[in-house]
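A short worksheet on the structure shown next.
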Protein chains: 2
Amino acid sequence: MVIDMPRPRTHDEALRVRLLDRASELLAAEGAKALSLRRLAAAAETSTTAVYSLFGSKPDLVNALYSEGFRHFDRRLRSVSRTGDAVEDVVRLGLAYRDSALADRRLYSVMFSNAVPGFEPNDEASKLAMDALRPLWDVVSDGIATKALADVPVEVIAMSFWGCAHGLVSLELNETLPREINFCRAYEPAIRANANGWRRS
Amino acid sequence: MVIDMPRPRTHDEALRVRLLDRASELLAAEGAKALSLRRLAAAAETSTTAVYSLFGSKPDLVNALYSEGFRHFDRRLRSVSRTGDAVEDVVRLGLAYRDSALADRRLYSVMFSNAVPGFEPNDEASKLAMDALRPLWDVVSDGIATKALADVPVEVIAMSFWGCAHGLVSLELNETLPREINFCRAYEPAIRANANGWRRS
DNA sequence: ACCATAACGGGACGGTGTTACGGAACCGGA
DNA sequence: TCCGGTTCCGTAACACCGTCCCGTTATGGT
């Protein structure tokens, strides 16, 4: 018997990108709390069910935002030029990390601080997230190879920098902390101190 | 005409602590998403309006949890004994910081990662939060005074440690990141490298 | 042209935080 | 002892949320 070929999906790409655009606008303007399917559907001049047709669910839509955020992140970090001095390179990466986070702070909190409650990235998105940090791993790896940094596993040093950068950035972005604390003043010195601490002595 | 004195408030303290107990249980067991007023009221065998009588709103109830969390935090950090060696003391504080966070990870994410969307701490709670970090400020301040640490403003060095600790802890607690990354292995080395980087050379 | 199926709109369901209302418990004063 | 004002909290409603069912439309291979 003949089984009819299912009709190929002709995802309305225009609607898809319009939803993503409006979603990131809504997110950037009013935060994760304001990103509701009804508001989003109204902004994109469609219905809530379009999200289910095109993405599957709200978390899946957020997943698309998340992936897009990491693609931007990746591009920024990858475009940092290398000087050959491991300490200087790490500091530059750190500054680019902060610039990226501040450029779209709401998205950063979705990416790293669980700002959308139900959301968990799928495997592909997680892989994207890890790939974005490759420049850091590379710089640290080279620094160890050229004996500029201590001879400990790459991950330990790289995670040290990542933690330091992420910590200060997320404290800076945290709107519940008192405004008088000036985290940005400590950012570069902190990264630099961390790097100096990893110098091969 | 005589205006009667208002009847003194007879806050049902038992109900109040029962609500807070059940709330922290719910939070610890199933996370911020599961902490709803209806579930909480059912668990405490009362109604949702009791929360409004006793706390004012859901954010206000979370505020009470938040304050309690920082009181625990404060107690833990304050009980760290000093050795006189600034680097060692900072490392000890860092480890206590992580222990506290891991001991009640859901509460930590409420305290530092905006896990409850609508919540913002009131002034009193914010003050409590800042006070909890005083041991760090003290240790760093002493380290600068004894010329063990570089002669830069206390806040810069203290925030550097805070950022590093908070960053690695929140990455470790972040459930959306791949499990294979072992943040705890890098924790103490990272704090130590940071401290060494701040040594007066 | 047919028609299975994808895409989408309307509306319903169960959940959320919040609030208006009403009864019960309380307590100072008569 | 009772009264009247006050506070507490339970019921029920409101507006909103994410999700899903169902009916309709649009599409494209046969």
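Below, chains carry the letters A, B, ... as their sequence lines are ordered, and counting in each starts from 1.
In summary, B:Arg105 and B:Glu175 do not engage in a salt bridge, as defined by a charged side-chain N under 4.0 Å from a carboxylate O. Residues B:Asp131 and B:Lys127 are paired through a salt bridge, judged by an N-O separation under 4.0 Å between the basic side chain and the carboxylate. Checked for salt-bridge contact, B:Glu30 and B:Arg106 miss the test: no charged N lies under 4.0 Å from a carboxylate O.
Side chain A:Thr49 to base C:dG9: a donor-acceptor pair is found below 3.5 Å. No hydrogens or angles were tested; on distance alone, a donor-acceptor pair under 3.5 Å links the side chain of A:Arg38 to the base of D:dG18.
Contact annotation for A:Pro117: no contact, since no heavy-atom pair falls under 4.0 Å across all strands. Residue A:Leu35 is in sugar-phosphate contact alone, with no base atom involved, counting any heavy-atom pair closer than 4.0 Å across all strands shown.
Look at CD on B:Glu120: it is 18 Å from P on C:dG17, rounded to the nearest Å. Rounded to whole angstrom, the span from the NZ atom of A:Lys33 across to the P atom of D:dG18 amounts to 11 Å. Rounded to an integer number of Å, the gap from B:Phe55 CZ to C:dT18 P is 13 Å. Following rounding to the nearest Å, B:Arg39 (CZ) and C:dT18 (C1') show an atom-to-atom distance of 20 Å. If you take CG of A:Leu37 and P of D:dC20, they are 11 Å apart, rounded to a whole angstrom. One can place CD of B:Glu13 at 16 Å from C1' of D:dT7, the figure rounded to the nearest angstrom. The separation between B:Leu15 atom CG and D:dC8 atom C1' is 10 Å, rounded to whole Å. Protein atom CG of B:Leu19 is 13 Å distant from nucleotide atom P of C:dG17, rounded to whole Å.
By the 4.5 Å heavy-atom criterion applied to side chains, A:Arg92 and A:Ser81 are counted as neighbours. Using a 4.5 Å heavy-atom threshold, the side chains of A:Asn182 and A:Arg185 count as touching.
Residue A:Thr46 has a polar side-chain atom (N or O) positioned under 4.0 Å from OP1 or OP2 of C:dG9.
Closest to the A:Thr48 side chain, of the nucleotides C:dG17, D:dC20, C:dC8, is D:dC20.
Map B:Ser47 and A:Gly56 each onto its nearest nucleotide of DNA chain D; the residue landing nearer the 5' end is B:Ser47.
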